[in-house]
Amino acid sequence: WTEEMVLKVQKYKTARYTLEGPLQIGAALHGASEGQKKALSDFAIPVGIAFQIIDDILGFYGDPKRGGSADIADIKEGKRTLLIMKALEKGSSEEKERIRNALGNKNLTMQEADAVRDIIRGTGSEKHSRMVARELSEKGTAALVGADLDDEVVQYLKDLARYLLGRA
């Protein structure tokens, strides 16, 4: 797996059905032009991917009060996230082995999961993931500039992007 592959999966797994689809349905019902629909897609895809990256961070470090799982389910399930891919790219041989042994391990202990979390932070993977999410969110909101959309819609979508990014 590569970062590009992870982002592609997130595009089709989350961005299309979580943001783009609902926006396109609403736009069609409102009688939006093709240009308006394109602007909405250009917003939705990068912001939807950013949403999934933040969701993955919450899955690893989450606080249940803020939408995170606060458990080790994502590691036990062996989810291939940007956090994991970047840590596998940057980690030492020992760290990579520890991550590989933890991913998909149904008998994973909290101590082993904490070691993986420490590796993710230590390799800069969490920081990188947050940066990618921020860049994608900015790209999405930039697509709204000059779009033929109501000011209220643009402001709402910008607020939504800011909220989604600020969850973690």
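Computed from a predicted model, the values in this text were never measured in an experiment.
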Gap separating the [atom1] atom of [X] from the [atom2] atom of [Y], nearest 0.5 angstrom:
X      : Y      : atom1 : atom2 : result
Lys106 : Ile75  : NZ    : CD1   : 12.0 Å
Arg134 : Ser129 : CZ    : OG    : 11.5 Å
Ile119 : Lys90  : CD1   : NZ    : 15.5 Å
Arg117 : Leu83  : CZ    : CG    : 11.0 Å
Leu157 : Asp150 : CG    : CG    : 11.0 Å
Met85  : Thr81  : CE    : OG1   : 6.5 Å

Does this structure show an ion pair linking Glu126 with Arg130, if we count only N-O contacts that are shorter than 4.0 Å?
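Arg130 and Glu126: salt-bridged.
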Please test Asp159 against Arg162 for salt bridge (charged side-chain N to carboxylate O under 4.0 Å, His left out), starting from the C-alpha separation and ending with a verdict.
CA-CA 5 Å; Asp159 290 345; Arg162 194 172 16 265; 2.5 Å; yes
For [X] and [Y], which heavy atoms make the closest approach, and how far apart are they?
X      : Y      : answer
Asp42  : Ala143 : CB-CB, 3.6 Å
Leu144 : Ala39  : CD2-O, 4.4 Å
Ala50  : Ser137 : CB-N, 4.1 Å
Ile45  : Ala15  : O-CB, 3.5 Å
Gly59  : Asp74  : CA-OD2, 3.3 Å
Gly140 : Val47  : CA-CG2, 3.9 Å

Where do Val6 and Gln10 land on the side-chain contact (heavy atoms from CB on, under 4.5 Å) test, with the steps shown first?
CA-CA 6 Å; Val6 169; Gln10 291 174 338; 3.8 Å; yes
Side-chain heavy-atom pair His128, Val132 within 4.5 angstrom cut-off
yes
Taking the side chain as every heavy atom from C-beta outward, state whether Ile54 and Leu164 have any atom pair closer than 4.5 Å.
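The answer is no, as the side chains (C-beta and beyond) never meet within the 4.5 Å cut-off.
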Side-chain ([X]) to main-chain ([Y]) donor-acceptor, under 3.5 angstrom:
X      : Y      : answer
Ser125 : Ile120 : no
Asp55  : Phe51  : no
Gln24  : Lys37  : yes
Thr141 : Glu138 : yes
Asn105 : Asn107 : yes
Gln36  : Asp148 : yes

[X] and [Y]: side-chain donor and acceptor closer than 3.5 Å?
X      : Y      : value
Asp56  : Gln52  : yes
Glu112 : Thr109 : yes
Thr123 : Glu95  : no

Hydrophobic cluster membership, with links at side-chain heavy-atom distances under 4.5 Å among I/L/V/M/F/W/Y: are [X] and [Y] in one?
X      : Y      : result
Leu165 : Tyr156 : no
Tyr163 : Leu40  : yes
Leu19  : Ile57  : no
Leu136 : Met5   : yes
Phe60  : Ile49  : yes

Tell me, with the steps shown, if Lys38 and Glu34 meet side-chain contact (heavy atoms from CB on, under 4.5 Å).
CA-CA 6 Å; Lys38 181 179 180 333; Glu34 290 304 312; over 6 Å; no
If you count heavy atoms of other groups shown closer than 6.0 angstrom to NZ of Lys96, is the number above 12?
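Yes, the 6.0 Å shell around NZ holds more than 12 heavy atoms from other groups.
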Arg98 CZ: over 12 foreign heavy atoms closer than 6.0 Å:
no
side-chain contact (heavy atoms from CB on, under 4.5 Å) assessment of Tyr61 paired with Arg121
CA-CA 10 Å; Tyr61 301 103; Arg121 283 203 166 121; 3.4 Å; yes
Run the numbers on Glu20 and Leu23 for side-chain contact (heavy atoms from CB on, under 4.5 Å), then give the verdict.
CA-CA 5 Å; Glu20 185 187 35; Leu23 284 175; 5.9 Å; no
